[in-house]
2 protein chains.
Amino acid sequence: MARPRKFDREDVLNRMKLAFWENGFNDISMDDVGRITNMNRGSIYNAFGDKRALYLEVLEVYGDQHYGAAVKLIQHSQNTSSAVRDLYDAAFKSMEEGRTHWGCFMCNAAVEVAPVDTEVANLVTKYLTTLSTAFLNSLEESDQLTSQNDSPAMKYSKNPQNLAEQLTASYVGFNIMARTGVATASLQRISDSAVESVTS
Amino acid sequence: MARPRKFDREDVLNRMKLAFWENGFNDISMDDVGRITNMNRGSIYNAFGDKRALYLEVLEVYGDQHYGAAVKLIQHSQNTSSAVRDLYDAAFKSMEEGRTHWGCFMCNAAVEVAPVDTEVANLVTKYLTTLSTAFLNSLEESDQLTSQNDSPAMKYSKNPQNLAEQLTASYVGFNIMARTGVATASLQRISDSAVESVTS
DNA sequence: CTGCATATTGACTGAACGGTCAAAAACAAG
DNA sequence: CTTGTTTTTGACCGTTCAGTCAATATGCAG
């Protein structure tokens, strides 16, 4: 019936994910988008709307992929301590794969775009909240196990929500510092300290 | 000998500090700069060089003022716990004064500019390091007091450096989340948890 | 008052930007 | 082959941007 599309939507979104992640919203021009996706200007606007709409869609893809993976990783860990360790290990692995100073796309969006785009702000808040919630669930689960073992010191039950959001804040700060180019040794110490903070 | 300047350099830098802090580098045009400082284009370029040089100078002013104040605040606190509390109290106070979603200029620069400007990256790293160092000094001082009191549990002496950098990462994350517009209640929990992490 | 050094003024420039549009192209259905 | 629908193509538009520059103004020294 109609002319078929030449591009693969998922592939385009993933390419743009990497581009926006590394360079932010403002430093990627629509010419760049064309070059990166091998699409012409008109096709891009026809398929995705304007630049902002593309960015929003791409950011959601990132959120689903990366924060979704993080939440699953936390859920499948035996306890919060190893959950945090696994999370930071994944971050370090990502850096070693060539994304040394990229930080976290969601955190970057929080600084660059969220203040002038409520929809982006809502998206960022949503994914950060899922992370905090995953931490909280993990902490409460660990607490339950601890009390089953008749251990008197229920380490986290006092303020598990505070600690959960603290872990999120640390993770955000870690990523910002990674993007800035803070030394790996410092990042490693931050990671270690986060693990320690949930180790009995 | 020569025509005297009409503007006050310090005042201009402070005005631009607020503008760049709130809006970032890219969202402030040189027209904006002119409007904010009541200067003409040529005068600005004559006095400060180009936009990047102005930004760099302004960022350094911010660093000296705000991180300088933070370090002094930590030094003058009785122990690390109250130091952290005071630091976050100052942050909340700044928010209540109309800078609700501004975050921290240094952290914003870390995300927006540092990745494409090594000089900015170095500046950011420098001030973040001063903060970590202040935390570390405070922790070691607190530890010393604790051991003088013959208390067996020297809480922080195991990994004071890790904890110090963790406090910095948390502070950075806190500010990013504040800029995003995360609920005040969440920010308060992060603050509380940071204080708890250095309370015996 | 004269000359000199510097600051101010604001119009100007070229480049880069996001976004538009009409024409051409590529399919499937009849 | 014709028709209808959607995509592709790339030239084009108005705007905004950082930065420049020659003319003018303002002080001080002699």
Side-chain angles (χ1 to χ4, degrees), chain A residues 1-59 108-109 112-120, chain B residues 1-59 108-109 112-120:
Chain A
M1 187 102 87
R3 179 170 179 173
R5 292 191 149 154
K6 238 173 70 181
F7 65 92
D8 178 49
R9 192 177 180 90
E10 198 177 334
D11 178 58
V12 166
L13 289 172
N14 274 312
R15 283 170 184 267
M16 288 316 303
K17 180 189 76 179
L18 297 176
F20 280 133
W21 182 4
E22 181 178 10
N23 303 105
F25 179 81
N26 282 301
D27 283 3
I28 292 289
S29 70
M30 289 309 284
D31 275 348
D32 291 333
V33 176
R35 237 171 285 126
I36 292 164
T37 62
N38 291 315
M39 290 172 75
N40 285 294
R41 259 183 136 62
S43 295
I44 300 167
Y45 279 87
N46 180 54
F48 297 100
D50 59 7
K51 191 187 177 187
R52 176 181 170 270
L54 173 61
Y55 181 83
L56 241 126
E57 192 170 343
V58 164
L59 185 60
N108 302 346
E112 188 193 4
V113 190
V116 292
D117 191 321
T118 52
E119 222 167 323
V120 169
Chain B
M1 188 105 85
R3 179 171 179 176
R5 293 193 148 153
K6 235 171 71 178
F7 64 92
D8 178 50
R9 193 177 179 90
E10 199 176 334
D11 178 58
V12 166
L13 289 173
N14 274 313
R15 283 170 184 267
M16 288 317 303
K17 180 189 79 179
L18 296 176
F20 280 133
W21 182 4
E22 181 178 10
N23 303 105
F25 179 81
N26 282 301
D27 283 3
I28 293 289
S29 71
M30 290 308 286
D31 275 348
D32 291 332
V33 176
R35 236 171 286 126
I36 292 165
T37 63
N38 291 316
M39 291 172 75
N40 285 293
R41 260 184 137 61
S43 296
I44 300 167
Y45 280 88
N46 181 53
F48 298 100
D50 59 7
K51 191 187 178 188
R52 175 180 170 271
L54 173 62
Y55 181 83
L56 243 131
E57 193 169 343
V58 165
L59 185 61
N108 301 346
E112 189 194 1
V113 189
V116 291
D117 192 321
T118 53
E119 224 167 321
V120 169

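Letters go in sequence order (proteins before strands), and every chain restarts at 1.
Judged by distance alone, with hydrogens and angles left aside, the side-chain atoms of Glu112(A) form a donor-acceptor pair with the main-chain N or O of Asn26(A) at under 3.5 Å. With hydrogens and angles ignored, the 3.5 Å screen pairs no side-chain donor or acceptor of Arg15(B) with any backbone N or O of Thr37(B).
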Within the sub-3.5 Å range, which N or O atoms of nucleotides 28-30 of chain C have a protein N or O partner, and how far apart are they?
from    : atom 1 : to      : atom 2 : distance (Å)
dA28(C) : O4'    : Met1(A) : N      : 2.1

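A distance of 4.5 Å separates CD1 in Ile36(B) from CD1 in Ile28(B), rounded to the nearest 0.5 Å. From Leu54(B), atom CG reaches atom CE of Met16(B) across 5.5 Å, with rounding to the nearest 0.5 Å. Between atom CD of residue Glu22(B) and atom CG of residue Asp27(B) there is a gap of 10.5 Å, rounded to the nearest 0.5 Å.
Taking 3.5 Å as the limit, the base of dA25(C) and the side chain of Arg3(A) contain a donor-acceptor pair of atoms between them.
Within 4.0 Å of Leu54(A), counting heavy atoms only, lies no atom of the nucleic acid at all.
Contacts of residues 11-27 of chain B with DNA chain C (heavy atom under 4.0 Å): none. Of all the residues in residues 35-47 of chain B, Asn40(B), Arg41(B), Gly42(B), Ser43(B), Asn46(B) reach under 4.0 Å from DNA chain C with at least one non-hydrogen atom.
Residues Phe20(A) and Asn108(A) form no side-chain contact, since every pair of their non-hydrogen atoms from C-beta on lies 4.5 Å or further apart.
Between Pro4(B) and Asp50(B), the residue anchored nearer the 5' end of DNA chain D, judged by the nucleotide with its closest heavy atom, is Asp50(B).
Here dA11(C) presents its C1' atom at 12 Å from CG of Asp31(B), a figure rounded to the nearest Å.
The stretch residues 38-51 of chain A participates, sequence neighbours left out, in these side chain to side chain donor-acceptor pair (under 3.5 Å) pairs: Asp31(A)-Arg41(A).
Residues Ala53(B) and Phe48(B) come closest through the heavy atom pair CB-O, 3.4 Å. Met39(B) and Ala47(B) make their closest contact through CE-CB, 4.4 Å (heavy atoms, listed as atom of the first residue, atom of the second, distance). The two residues Val120(B) and Leu59(B) have their closest heavy-atom pair at CG1-CD2, 3.9 Å.
Of the options Arg9(B), Arg52(B), Lys17(B), a side-chain hydrogen bond (donor to acceptor under 3.5 Å, both in side chains) to Glu57(B) is made by Arg9(B) and by none of the others.
Evaluation of the ring pair (Phe, Tyr, Trp, His ring centres under 6.0 Å) rule for Phe25(B) yields Tyr55(B) as partners, not counting sequence neighbours.
Protein chain A contacts DNA chain D from dG4(D) to dA11(D), reading 5' to 3' and using non-hydrogen atoms of the protein with a distance under 4.0 Å.
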